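Every chain is numbered from 1, with letters handed out A, B, ... down the list of sequences. Since the structure is predicted, the reported quantities are computational estimates derived from the model, not experimental observations.
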Amino acid sequence: MTDTYIINATWAITNERFDLRVGHTEEPEGISLSGIPLPGVTAIAPAGEMNVPAGARTIDASGKMLLPALFDLHASINIDGHSKRESIYRAGQAANHGGVWGMLVMPSRGFCFDNAATLDSFYEAAGERSFATMIPAGCITEGMQGEQQAPYNTLAARGITILSDGGKMPDNLLMLYRAMKYAAEMNLTFAIRGDVPCLTRNTYAHPSTTSYNLGLHGTPACAEEIGIETLIRLAADTGARLHIQTVSTAEGVAIIRRAKQNGMANLTAEVALHHLLYTHEDIGDYDTTFKTVPPLRDQKDCDALLEGLKDGTIDCIVSDHTPCLPFAKKQDFVSAPQGMVALDTFLPAIYTHLIKPGKLSWADVVRTCCTTPAAIATPYDREEDTPIASPLLLFTPDSQYEVTADSLSCGTLNNPQLGKTLSGTVTLPIN
Amino acid sequence: MNPRKDLITIDALNDEDIRTILDSTSAMKDIFTRSVKKVPALKGKSVLTLFYEPSTRTRSSFEVAAHRLSADVTTFTVSTSSVVKGESVHDTIDTLMSMKMDYIIVRHKHSGIPAVIARHCKASVINAGDGSHAHPSQAFLDAFTIKEKYGDVAGRRVVIIGDILHSRVARSTSTILRRLGAEVAYMGPGPLVPPQQHTGIPRFTNWDQIFEWKPDVIYLLRVQNERIDSPFFPAADYHAAFGVTEERLRRIDDLDMGIMHPGPVNRGVEICDAAMDYRNCLINNQVENGIAARMSILYHLTPKTQSND
């Protein structure tokens, strides 16, 4: 295959402009920008200085930004009532639209990764149907029931490096303690959301004016914080690697910051994009799109989460992509399922709401959405026996588009950006 | 008043709506003194009561109100078993639409259900209580009762005592009273009274503070054990700490305060026996006014069932 030349691309992190030669036959090591390796790039030169052979395939990237594609550490892809293949296809397509090249797929009712056979059929279907690289997270417990540990050895042999019960915190801490001790020696990471289930049962919103006015039981912030503290203590004691999912409260950030400052290694944490963009006030008059677990909280929590991202307390932004059928979301707030879909609009939403207003820099976004999450998930090609490197994408910041039902390819409409205008379009893959 | 299809919350009404409904409550009440207690205002209209939660008082109050306006009333019995998870409200709505009802009076244990029904059907939907969210007809009858007793709601002080957290009555009644210019405070066991920063309503913790504040009306809420999944407070303490005891009743009498309660009353919990016979006990007035207020509400709503679209 011939080389492709990308000319006049702006490197998002530094704003410098470069020409690149992207080849497919060789991958020399050592080519990187700002310390970020560029897979497939065989040569690099300041803009206008590359010798592009006549007739070569060129992509003029004037006005476009070049950056590594994003990796999402938290996506559920199961669409109720659709086949698994359809769910995989839809999520992969949505991911590419949103600038995401790979994702960690949470186990869910449709994709219960607690045995080898399910994993094998998932790998096969994802290999055939998905535009994006899909890495499954194994279950912590059989059937995600929180009781009997899943066969970690078997799962690890099938390439599992991260375990999660779809974010759920097990009730049984003794089971979790033993699971961590067992899995620590296999270098598996536990991805769990901080929670005390008995404190959050039958709760639907952040305790606030919104929960009071709408008559919805409040989800106390302390439940998440006690849960995070508990998980950290368990991980410290057992030596297991711990990744705390969807932190939503200011105190939760503070607890993780303290643990990291105290030298706790093997601890990472994530925030869902919606916890940076929305508060409980967005629920308005029972808008079920904004029903999430953990719930949308106060502005001060959003601010603390953003601060945590910038100082490295929180390692990555995730989509927490959760497809819900329109019919299900049309129910009343208490009955409707929780969750939003975010993959389709992931990078444009981050750009529009966080980068453009100056809340995060491109460097922050590349660190928290590209390099760090990929490093946590360690995507690996099991057939080729090599790590999979992140591809590059082109982003056109000046273009705007309206998010319509037709523009969402994820299969459901529970995207809070629906009907809004977003800045920036993604080209992924570049070729 | 502009034509309004539904009554879901007090917040959704403007001042004119509230005033109009309250004013004609009085006219409706006049009908009760006549020998023929019936007017043909809703003749030929059909009213459906759809109660997913057990209720005798509110349901019969609405039914009597509808009968007195000459409407045809149908009772839709929802067995507890059909409310199990998975049953979709939308399917129920489709069924109701096919029945061509004009008014649907709905009560449900989930907050927000009446609004979902209202959005998807042409009939006027009246919220007869949804979860811990709202109970607007109760708010109207409470406001009317206070107005009737004191001449005006504005300037009055009302303390609502009990389980505020689970109470749709507290939310709706405090809202209408404040809209009409009254001052409202809350008092109750710690875990059952949300903080002032969430409610915008001052929060007392004991009776001494209440007597110091000198309210005109003591509004007692029922301890709703059926709405409480696990204990919130030591139940044995309730009467002594938050109820109207005989000793407190003497001070209430001295200060000439009124007592209200949405019913049904738990004697010996919220209220001692003697207080039920207290001269300023307005509980029976509330029941009577409930019918008039609900007639007024039915009368002022405009279903969209007439249009051909």
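Interface remark: S172(B) contributes no atoms to any contact with chain A (heavy atom separation under 4.5 Å). When heavy atoms are compared at a cutoff of 4.5 Å, I8(B) does not approach chain A at all.
Applying the 6.0 Å contact sphere to CZ of R258(A) captures more than 12 heavy atoms from other residues, nucleotides or ligands. Heavy-atom contacts from other residues, nucleotides or ligands closer than 6.0 Å to NZ of K359(A) number 12 or fewer.
Between K330(A) and H120(B), the closest side-chain pair of non-hydrogen atoms falls below 4.5 Å. Proximity of H217(A) to H166(B): side-chain heavy atoms (C-beta onward) are separated by under 4.5 Å at one or more points. Looking only at side-chain heavy atoms (C-beta outward), Y212(A) and R171(B) come within less than 4.5 Å of each other. Side-chain atoms of I113(B) and Y286(A), non-hydrogen and from C-beta on, never get closer than 4.5 Å to each other.
Evaluation of the salt bridge (Lys or Arg N to Asp or Glu O under 4.0 Å) rule for E229(A) yields R233(A) as partners, not counting sequence neighbours.
Minimum heavy-atom separation, L214(A) to S111(B): O-CB, 3.3 Å. When all heavy atoms are compared, the tightest approach of T209(A) to H198(B) is CG2-O, 3.3 Å. The minimum heavy-atom distance linking N213(A) with H133(B) is given by the pair O-CD2, 3.2 Å.
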